[in-house]
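Step one of this worksheet: look at the structure below.
Every number for a ligand or one of its atoms is a count from 1 in the order of the listing.
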Amino acid sequence: MIGKLNHVAIVVPDLAAASAIYRDTLGADVSAPEDLPDHGVTTVFVNLPNTKIELLHPLGEGSPIAKFLQRNPAGGMHHLCYEVADILAARDHLLVQGARVLGDGEPRTGAHGKPVLFLHPKDFCGTLLEIEEI
Ligand code: CO
């Protein structure tokens with residue numbers, strides 16, 4: 001059911017410092033920061049030949065990643081995103097398999113303008129998963 005790894009998301013305490021690590025130390029193609037107020041995050045994309053790394057920093061009050069950064073002040077891996085062809089079919093399959101879909105179970109528009117859902121980390125080896133319809 002799942003296809004390509006779309007991105008790995010890493011929450012960072014300092015976007016400029018994290019961008020410099022990926023751009024200068026690792027020599028990657030790094031985007032400019034983009035504020036996504038609807039999602040409560042500022043993002044920087046690191047474009048790799050086979051996938052993307054999404055650097056995330058909290059934006060505004062009540063950011064969904066603020067608590068993560070409090071628990072992990074140095075930053076850390078936040079989630080993996082896998083591509084699916086049909087997000088509603090994927091959701092229904094996951095529910096039948098006993099997996100927990102976060103929120104109200106309805107896809108929302110993700111950071112790339114495509115429908116996404118998040119899946120409970122306890123059902124997936126301790127890792128928060130995002131599925132994105134591509
Ligand atoms: Co994501």
Side-chain angles (χ1 to χ4, degrees):
M1 181 182 73
I2 60 169
K4 288 181 179 171
L5 175 67
N6 184 274
H7 61 270
V8 177
I10 301 174
V11 172
V12 301
D14 181 334
L15 264 184
S19 296
I21 288 167
Y22 271 87
R23 186 184 54 240
D24 304 330
T25 309
L26 293 171
D29 170 26
V30 175
S31 79
E34 186 180 354
D35 289 343
L36 299 173
D38 290 351
H39 295 273
V41 296
T42 303
T43 60
V44 166
F45 286 104
V46 180
N47 297 301
L48 302 179
N50 62 339
T51 191
K52 297 185 282 280
I53 308 297
E54 193 176 287
L55 304 175
L56 299 175
H57 187 75
L59 174 67
E61 296 296 311
S63 168
I65 59 170
K67 276 203 186 104
F68 182 92
L69 198 52
Q70 281 164 17
R71 288 196 305 270
N72 305 277
M77 203 199 82
H78 187 259
H79 64 267
L80 299 177
C81 178
Y82 297 119
E83 298 180 1
V84 296
D86 179 335
I87 200 161
L88 294 178
R91 176 198 62 189
D92 293 346
H93 172 83
L94 287 160
L95 291 172
V96 167
Q97 294 294 315
R100 283 166 284 183
V101 175
L102 300 185
D104 65 5
E106 293 306 315
R108 17 188 325 245
T109 301
H112 318 110
K114 307 261 175 60
V116 304
L117 283 169
F118 284 89
L119 310 175
H120 202 297
K122 286 191 174 150
D123 297 334
F124 295 97
C125 314
T127 306
L128 178 63
L129 294 188
E130 179 180 21
I131 56 173
E132 179 170 344
E133 183 171 286
I134 297 292

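- Between K114 and E83 there is no side-chain heavy-atom pair separated by less than 4.5 Å.
- No side-chain heavy atom of V11 sits less than 4.5 Å from a side-chain heavy atom of N72.
- Protein N, O or S atom count below 2.8 Å of the Co ion (ligand 1): the structure gives 3.
- Between L55 and L15, the closest side-chain pair of non-hydrogen atoms falls below 4.5 Å.
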Worksheet item: Should V8 and T51 be marked as a side-chain contact (heavy atoms from CB on, under 4.5 Å) after you check the CA-CA gap, both sets of side-chain angles, and the distance that decides it?
Response: CA-CA 8 Å; V8 177; T51 191; 5.5 Å; no
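- Side-chain atoms of V46 and D29, non-hydrogen and from C-beta on, never get closer than 4.5 Å to each other.
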Using atom types as modelled, flag every donor-acceptor pair under 3.5 Å from a side chain in residues 115-134 to any protein atom, sequence neighbours excluded.
{"unit_1": "H120", "atom_1": "ND1", "unit_2": "K122", "atom_2": "N", "d": "3.0"}
{"unit_1": "D123", "atom_1": "OD1", "unit_2": "R100", "atom_2": "NE", "d": "3.4"}
{"unit_1": "D123", "atom_1": "OD1", "unit_2": "R100", "atom_2": "NH2", "d": "2.8"}
{"unit_1": "D123", "atom_1": "OD2", "unit_2": "R100", "atom_2": "N", "d": "2.8"}
{"unit_1": "D123", "atom_1": "OD2", "unit_2": "R100", "atom_2": "NE", "d": "3.1"}
{"unit_1": "E130", "atom_1": "OE1", "unit_2": "H7", "atom_2": "NE2", "d": "3.0"}
{"unit_1": "E130", "atom_1": "OE1", "unit_2": "H79", "atom_2": "NE2", "d": "3.0"}
{"unit_1": "E132", "atom_1": "OE1", "unit_2": "H112", "atom_2": "ND1", "d": "3.2"}
{"unit_1": "E132", "atom_1": "OE2", "unit_2": "H112", "atom_2": "ND1", "d": "3.2"}
{"unit_1": "E133", "atom_1": "OE1", "unit_2": "I87", "atom_2": "N", "d": "2.7"}

